[in-house]
Every structure is written in C-alpha cells, then in structure tokens.
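Structure first, then comments.
Proteins get letters first, then strands, A, B, ... in listed order; numbering begins at 1 in each.
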Protein chains: 2
Amino acid sequence: MESKPLLDYIGRYIHLTSDEEALLLENISYRRYLKGQYITQQGDICKQESFVLSGCLRTFYVDNEGQEHIVMFAVENWWTADLGSFITQTPADYNVQCLENTEVIQFSYNDIEELYIKIPKLERFFRIIIQNAYVASEKRIIQSFSMTAKERYLKFREQYPQIEQRVPQYMIASYLGITKEFLSKIRSQLIFENE
Amino acid sequence: MESKPLLDYIGRYIHLTSDEEALLLENISYRRYLKGQYITQQGDICKQESFVLSGCLRTFYVDNEGQEHIVMFAVENWWTADLGSFITQTPADYNVQCLENTEVIQFSYNDIEELYIKIPKLERFFRIIIQNAYVASEKRIIQSFSMTAKERYLKFREQYPQIEQRVPQYMIASYLGITKEFLSKIRSQLIFENE
DNA sequence: GAATAATGTTAATCTAGTTTAACTTCCTTT
DNA sequence: AAAGGAAGTTAAACTAGATTAACATTATTC
C-alpha cells in the first residue's frame, strides 16, 4: 500500500511516532475502484471515510425530481465520504462515485472509533480537518447567495483549476447550482469579453 | 457564572472528571452583551468562540454592494464565532451581533489551545461539534440548490420554530437568501392556501 | 472507420425571484 | 397621544437563470 501521501498529510497537523504510524496502518485499508464505480450510494450506510491517493470522485445527491446536484469533488490528498451518514451510521443522502480509476485509503467506522482510543491525537487531526471543511462550506453558502453564477464560476476556476480540467462541464454546472446550458452561455460570454 | 448549561452540553459528548471541569472553568470567561452589540466585526480578528447561555445572535456578512447576508443565528446552547477567523487568527469575514441582551461563555484563542493540551478529551468534543455543524452546512448548500424559496422557508420554520418567533422577518429572508419583499409574498401565498 | 453515445452549444420562451417605490402597521420615545 | 422610525406589505416592471428543443462536437466501441 502506498501510505506515504497519507502520513505526510497527517504530519502537517500532528506528529505521530513510528509506533503510532504502524498502528494506524494496521487499521486502515487500501482499495482501488474503477471509473464509474460507487463507494457509497444514496440509501446505503456510509461505512468508510476515504483519503484519495489518485483519481477523482464526485459526491452528489439526486432530488425528488430526479435531478443531480453535486455537493463536492475530491482529488489527490482530499477526503471524501457522506460524513452525515458515516458519523450517525444512518442511510446516506449522497452518492460517492469515481469519475476516474481511483485509489483510496479507507477508515471504516469501527476502525476509526478504535483508532481514536488507541491514538487520541487523531481526534485533533480530524478536528482540524473538519474545521477547515466547515469554514469552506460556510463560505460556499455565502457565495451562493451573494455572487452571480458567472462570479461563482470564475472563483471556482481560480480555486480549483485542477478539477476544471478533469471533470465534464455539466458536472461543474451542477456543482455551481446552475444548468449546463447556462454555464455554456457564461463561457461564451467570457470568450467574447476577452477578445 | 452560570456554567451548568455548558457542562451539561459537554457531558452529552465526553465525560469530564470534576478536576477537569474545574480546570475548564478557570480557563473560560462569562460575558454579557446588550442588544445591538457586536462580539466580532468584519475585519477584526475573532478572538473567541462563544457558547450562548441566553439571548440570540446573528452572524452576517456585508457584501461589496452593501447588502447583508445572514450566515447563521445562535440561541441558547448554541456556539457562535467567525470560525474561519478564529482558527486562522486572520481578519473576520463576518459580523457577530446580539439581537437581544445576551449572556455567553467564551473560549479565547490562546486559552483553547492550552485547554486542548491540558484536557485532550476536548479535542474529541470539538471534533464532534464541528462534524455536526459541517454536516448541517452541507445540507444547507444542497437545499439552496434543490429547493425553492418557499420550500426552504417551510423547512426553516419547521426546523427552527424558536428562531422564527424571535427574529425580524427581514433577517429570516436574508438567511434564506431572498429579499424581504419576496418572503412577504410567500407568506401571503401560504395564508391564502390555508384558507 | 462507421456508428453510437456522451458532452457541449445556441436560441426562443418562460419563471422564480429582484428592484423600486408607495403605503401600512407596529414600536419607541417623549 | 403625537411623532418618528423600524418592520412588513403590495404591486408593477424587470432580470438572472431555467426549460425546451434542435443541432454540433467529441469520445468510445465494435
């Protein structure tokens, strides 16, 4: 298993001894998924949090009218899960699907609670990670209310250039909360403006 | 200081010994604010996280056009802060203002880092709190994209009946991401439908 | 390399929600 | 109890973004 990216990532926030690192590695698992496969489906119980080693995923929600809404993307060194389902072990609201062949390291629900006991420092690590995710999420709410679709698109491009390249445009539209047709219009406006 | 509500609240997630409780109480402070006062203003560095004992607050953001956008409310037993500013100690994006005379218990930035060292279990406590807040925040994003303003208003009323009573309507409109005029229209539609 | 599916574009029509502005009702304060 | 401000309402005109539908381009697959 290629665990170095994960250990490096954790090392940015807390220091683990080599014993602790070994213990951690015993309690997590490596897995590959093919493009199109689901890690979690709406209605299932989300059994693991995944740290992305390679590949790309989307977390999305299908509403009552059958429309898809993308909640987040995840690429290398990001975490993904239906966290609500994971922490409460109740049926997931979201689907987590691989958009490319993807390699992840997974923390399962049981393992993680044990790990928190064995390595209490991990509480700190996950507290910080989630704190950051929460702050980003609040920012996204504000942006969705105070910015136009065009402004949000420009911000997205600036903030996640890696993702814009790897993901079909209609999924970006979904993430931004607009239709693919309207994003297409915005893009042609932008091209026109830059001439 | 009336610390029982806080200790009860913490007790729902972790168990503190009485020594730890005493230690905790030494490192936090009680404060009263009058209606209208600000705990944090946009541009300031947010120096504390506040646990609400009594009263009501709003966290809001003023955009470039001078428009206010309410990010969250807080009432008894809720936490409030500009968490992004607090954790990075950089200038706040948000204002935190009291809508009533308000009593809070505050954790200051320096104190909380010390407390994490003295009582590592608090890492767990705050991890869980923030996890929950993050899940709620993601839900709100999905709702803002997949539901109409009317549906969001009904959901809000159902979810936070306490808040609807205590807060002026134009602030609820702001929280929902719509104008006060449109909320007024929605409300008159609802009255008409229920006749 | 033809065929099919997936993705992206354009344009017309439509609608949820905004803007503006005038008006009403309710709260405070004196 | 009068006056002034804050909060809420109504309605007309407007706009950002949705919907529909037809077409264009790019990938995939056999």
Side-chain angles (χ1 to χ4, degrees), chain A residues 34-36 56 58 60 62-70 73 97-101 141 143-157 163-195, chain B residues 34-36 56 58 60 63-70 73 97-101 141-157 163-195:
Chain A
L34 295 175
K35 179 173 176 171
C56 180
R58 63 169 176 160
F60 69 103
V62 181
D63 71 20
N64 299 329
E65 276 84 53
Q67 277 211 287
E68 289 181 9
H69 302 276
I70 295 185
F73 295 107
Q97 186 189 28
C98 300
L99 301 176
E100 301 173 1
N101 293 341
I141 292 175
Q143 287 174 4
S144 84
F145 288 147
S146 64
M147 288 164 63
T148 63
K150 189 176 185 173
E151 289 167 332
R152 277 180 278 141
Y153 173 59
L154 289 171
K155 191 125 207 164
F156 175 83
R157 275 214 313 203
I163 293 178
E164 217 215 342
Q165 303 314 312
R166 290 166 80 166
V167 160
Q169 204 170 295
Y170 73 90
M171 291 192 188
I172 292 169
S174 170
Y175 177 84
L176 295 173
I178 58 177
T179 58
K180 62 189 200 313
E181 290 85 357
F182 192 58
L183 178 54
S184 186
K185 196 171 176 180
I186 289 170
R187 284 167 52 90
S188 69
Q189 272 173 28
L190 288 171
I191 291 164
F192 177 75
E193 282 168 20
N194 294 325
E195 262 166 13
Chain B
L34 296 173
K35 179 173 175 173
C56 179
R58 63 169 176 158
F60 69 103
D63 71 19
N64 299 330
E65 275 82 54
Q67 278 212 286
E68 288 181 8
H69 302 275
I70 296 186
F73 295 107
Q97 186 190 28
C98 300
L99 300 176
E100 302 173 1
N101 293 342
I141 291 175
I142 280 301
Q143 287 175 3
S144 84
F145 288 147
S146 66
M147 289 164 63
T148 63
K150 190 177 188 172
E151 290 167 332
R152 276 180 278 142
Y153 173 59
L154 290 171
K155 190 124 208 164
F156 175 81
R157 276 215 311 205
I163 294 178
E164 217 214 342
Q165 303 314 312
R166 290 166 80 165
V167 160
Q169 201 171 298
Y170 73 90
M171 289 190 189
I172 292 170
S174 170
Y175 177 83
L176 295 173
I178 58 177
T179 58
K180 62 191 202 312
E181 290 86 356
F182 192 57
L183 179 54
S184 184
K185 195 172 179 181
I186 288 170
R187 285 167 53 89
S188 70
Q189 273 173 27
L190 288 171
I191 291 163
F192 177 75
E193 283 168 20
N194 294 325
E195 262 168 14

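- We find that CZ of Arg187(B) is positioned 15 Å from P of dA7(D), with the value rounded to whole Å.
- Ile172(B) places its CD1 atom 8 Å from the P atom of dG8(D), with the value rounded to the nearest Å.
- Remark: P of dT10(D) and CD of Gln189(B) are 11 Å apart, rounded to the nearest angstrom.
- Residues Glu164(A) and Ile172(A) form a side-chain contact, since some pair of their non-hydrogen atoms from C-beta on lies under 4.5 Å apart.
- Taken over five-pair windows at either terminus, the axes of the helix from dG1(C)-dC30(D) to dT30(C)-dA1(D) are inclined to one another by 50° (rounded to 10 degrees).
- In this structure, the separation between SG on Cys56(B) and CZ on Arg166(B) is 5.0 Å, given to the nearest 0.5 Å.
- Closest heavy-atom contact between Met147(A) and Lys155(A): CE-CD, 3.8 Å.
- Met171(B) is not listed as a side-chain neighbour of Phe60(B), based on a closest heavy-atom distance of 4.5 Å or more.
- Spacing between atom CZ of Phe145(A) and atom P of dG17(D) amounts to 13 Å, rounded to whole angstrom units.
- Atom CZ of Phe192(B) is separated from atom P of dA11(D) by 13 Å (rounded to the nearest Å).
- To the nearest 0.5 Å, atoms CD1 (Ile186(A)) and OG1 (Thr148(A)) are separated by 7.0 Å.
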Does Ile141(B) form a side chain to side chain contact (heavy atoms under 4.5 Å, CB included) with Ser144(A)? I'd like the steps, not just the answer. CA-CA 8 Å; Ile141(B) 291 175; Ser144(A) 84; over 6 Å; no
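- With sequence neighbours excluded, no residue forms a side chain to side chain donor-acceptor pair (under 3.5 Å) with Asn101(B).
- Considering CD of Glu151(A) and CG of Asn64(B), their distance stands at 8.5 Å, rounded to 0.5 Å.
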Going 5' to 3' through nucleotides 11-21 of chain C and flagging B where a protein heavy-atom sits under 4.0 Å of the base, S where only the sugar-phosphate is that close, and - otherwise, we get ------BBBBB
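- Taking only side-chain nitrogens and oxygens, Gln169(B) comes nearer than 4.0 Å to OP1 or OP2 of dT9(D).
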Donor-acceptor list for residues 173-180 of chain A side chains, cut-off 3.5 Å, not counting sequence neighbours:
residue	atom	partner	partner atom	Å
Ser174(A)	OG	Glu68(A)	O	3.3
Ser174(A)	OG	Ile70(A)	N	2.9
Thr179(A)	OG1	Phe182(A)	N	3.2

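- Among residues two or more places apart in sequence or in another chain, the side-chain contact (heavy atoms from CB on, under 4.5 Å) test is passed with Ser184(A) by Gln169(A).
- Regarding Glu68(A), its CD atom lies at a distance of 10 Å from the P atom of dT7(C), rounded to whole Å.
- To the nearest 0.5 angstrom, Asp63(A) atom CG is 9.0 Å from Ile142(B) atom CD1.
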Atom pairs under 3.5 Å, N or O on each side, protein against nucleotides 25-30 of chain D: can you list them with distances?
none

